[in-house]
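Letters A, B, ... mirror the listed sequences (proteins, then strands); counts begin at 1.
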There are 2 protein chains.
Amino acid sequence: MLADVAREAGVDPSTASRVLRGTVARVSPETRKRIEEAAQRLAYHANATARALRLARTEAIGMVVPQLDNPVFSTTIGGAQRAAEEAGYALLIVHQEPGASTADLARRLDASRRVDGWLIAAADEDAALRDALATLAVPYVVLNRQMQGVPFCAALDNAAAARMAVEHLLSLGHRRIGHLAGRLQGYNGMGRLLGYQQALQAAGLATHPELVAEAGYTVGGGAEGMRRLLPARPTAIFAATLVAAAGALRSLHEAGWGVPHDISLIAMHDGPVAELVHPPLTTVRMPTSRMGQVATEALIALIEGRGAERPAILAPEGLILRASTAPWTGND
Amino acid sequence: MLADVAREAGVDPSTASRVLRGTVARVSPETRKRIEEAAQRLAYHANATARALRLARTEAIGMVVPQLDNPVFSTTIGGAQRAAEEAGYALLIVHQEPGASTADLARRLDASRRVDGWLIAAADEDAALRDALATLAVPYVVLNRQMQGVPFCAALDNAAAARMAVEHLLSLGHRRIGHLAGRLQGYNGMGRLLGYQQALQAAGLATHPELVAEAGYTVGGGAEGMRRLLPARPTAIFAATLVAAAGALRSLHEAGWGVPHDISLIAMHDGPVAELVHPPLTTVRMPTSRMGQVATEALIALIEGRGAERPAILAPEGLILRASTAPWTGND
DNA sequence: CCGATTTGAACAATCGTTTGTTCACGAGAG
DNA sequence: CTCTCGTGAACAAACGATTGTTCAAATCGG
């Protein structure tokens, strides 16, 4: 307690507070020294609750995350945590249960005023979420997706990443390139499909509907989607996610197609899984950690009244070449 | 604000507080109704900070987690979150950066008094951690490991899980069973090795040092460990973790050993990865969610002064049979 | 040497709740 | 009709920190 420090130093708590907080004030060097030593001796740390009440800010920010085990989010959290710490904020993570609505969660959490702002790494993206966000008492930013009418959002440049992946396949000589898409309703899935189509068109290739299958974000979906693509005899596949790619590997194996001998496979989002499967997957590495960082910095700027920036769309970091892609040598 | 509700209802804030908190008090039905309606109308929620200051408890518990993307921890978090919510506590997760010391982190976080207790899912287990925990101002419990001299800990019964895995391999007719161990210094790694040895001894089999390799918790470690085991020509492997098993699959593939045709593979800890690799892995499912739950319940009991229970050692939930194990038919 | 000014530090209010205590009023007992 | 008691609700003091204001002593100029 501050009062203990003050008593120990023989001063008023207000004086102790000014010294310890570094507030500009007229305090003699001796008094300052006595207070600092007393604080040291008593291992004083200001009670965050009392500070929060008096200052009307908690110096903490909350982050709502679905799927903590998704490497996209765990690296994003890393970036967010560093940025928060840098600015003197604590980052408190709240796990969104699979069934729970982000809208409800945000509203419920907001009511208690435990944090100064929210990082929303939303899985869903419905009108209910937008409404709920609009009623929040504190600033917020949205991660991992663009959203109209929010103060700030940080998203990945899915189209650029998809183009990078497809261009890599093109450079290896592939011409019949399939796409295992994510959810085509979703922001990320849609952007990746778009980039895939852009890359093909830029190369003067037609897009064939039978070369695209919606796979979602599960192993089963990837396996099923890959089975649907097989009849179109692609020589390479761009998968929208690692997990779908792992599912694709299973189907390819069952069908007796060798990777990368018979077909190349590239996936978006690098992560540990890329090295767990056989063959290890070539991927496009995305700046997920940086996404967490810029979102957090923007949120803190909002909290501290330094205004909003424009949405950040983060370019891919580059290709991670592994064993799942190879030049196309066959006659197609 | 409570004062707004009170004004709206034409009563004193103290009366409004008593009604809204459900405190036993002498309040006329009409007054009660007016207050409740006013609170409803103003969408009143008590300010958690002010409550925390007055009550000297935050009604939140913190959880320190290394490796958020590890399925062991994400499911543990799920269990902890449900238990916390059940008891009216918020669960705030803090991510421990790979380099950071749990001891420092715990001390630093504790100083701010933001939570009523800590769930420590420690990765390291040194004396420094024990010392740091001993100085915490609030109760704490340790997860995922046993530890002497702490108020409570919840751990997995690694030996029982290892026995279950090995007994499965024995029942399939395997006699030369190898073990890809975790860190042999660590609590979990040691327990698994012990169970492996117990199961072999119970079956009247000798334990051969050349059938055990320390693999750690990485793909590379698993691959390397598996390579070291190959000369001993095991017919089955019990891997201490999924990730090590994935590494083992790589080495086996490179050596031209078919799974499960030439060698069976079973791993501890079920998780999404088990289905991503080829072949899908037979695993021992562990009660990680329940571990989170019991740890949280015990912590809340400590917080609320209901005394400590004895450490919980949680038995495995069972085998998940997939394609990586098969009866041994060869002549060994 | 005295009044004006600066300096150093205490005083006191406040943040939003909760809760022990006081108080006014009406009803019941004698 | 008065005294006592019970009821319903207001009053007021905390919780621990921060910060505007006040105040006494020291310093300075003339």
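For the side chain to side chain donor-acceptor pair (under 3.5 Å) condition, the pairs that include at least one residue of residues 292-302 of chain A, sequence neighbours left out, are A:Gln293-A:Glu297. A salt bridge (Lys or Arg N to Asp or Glu O under 4.0 Å) check over residues 94-104 of chain A, counting only residues at least two apart or in different chains, returns the pairs A:Glu97-B:Arg82. Applying the side chain to side chain donor-acceptor pair (under 3.5 Å) rule to pairs touching residues 110-120 of chain B yields B:Thr58-B:Asp116, sequence neighbours excluded.
Between B:Leu68 and A:Ser74, the closest heavy-atom pair is CB-CB, 4.2 Å.
Contacts of B:Ala106 classified as side-chain contact (heavy atoms from CB on, under 4.5 Å), with partners at least two apart in sequence or in another chain: B:Leu136. Remark: A:Asp12 engages A:Ser14 in a side-chain hydrogen bond (donor to acceptor under 3.5 Å, both in side chains) (not counting sequence neighbours). Not counting sequence neighbours, the partners of B:Asn70 by the side-chain hydrogen bond (donor to acceptor under 3.5 Å, both in side chains) test are B:Gln67. The side-chain hydrogen bond (donor to acceptor under 3.5 Å, both in side chains) check on B:Arg26 picks up nothing, with sequence neighbours excluded. Here B:Arg7 pairs with B:Asp4 under the side-chain hydrogen bond (donor to acceptor under 3.5 Å, both in side chains) rule; sequence neighbours left out.
Scanning residues 34-48 of chain A for heavy-atom distances under 4.0 Å to DNA chain D yields A:Tyr44, A:Ala46, A:Asn47.
Atom-to-atom, CG of B:Leu20 to P of C:dT17 comes out at 10 Å; the value is rounded to the nearest Å.
Residue B:Arg51 is classed as a sugar-phosphate contact, given heavy-atom separations below 4.0 Å to backbone atoms only. Among the protein residues, B:Thr31 comes within range of the sugar-phosphate backbone only, with heavy atoms under 4.0 Å from sugar or phosphate atoms but none that close to a base. At the heavy-atom level, A:Ser28 lies under 4.0 Å from the strands shown only through sugar-phosphate atoms.
Mapping heavy-atom proximity under 4.0 Å, the span of DNA chain D touched by chain B runs 5' to 3' from D:dT7 to D:dG16.
Taking the screw axis at each terminus of the helix from C:dC1-D:dG30 to C:dG30-D:dC1 from five consecutive base pairs, the angle between the two is 60° to within rounding of 10 degrees.
For the side-chain contact (heavy atoms from CB on, under 4.5 Å) criterion with A:Leu109, the lone passing option out of A:Val115, A:Val64, A:Leu92 is A:Val64.
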Scan nucleotides 11-15 of chain C against the protein and return all N/O pairs shorter than 3.5 Å with their distances rounded to 0.1 Å.
| residue | atom | partner | partner atom | Å |
| --- | --- | --- | --- | --- |
| C:dC11 | N4 | A:Ser14 | OG | 2.8 |
| C:dT14 | O2 | A:Arg54 | NH1 | 3.1 |
| C:dC15 | O2 | A:Arg54 | N | 3.4 |

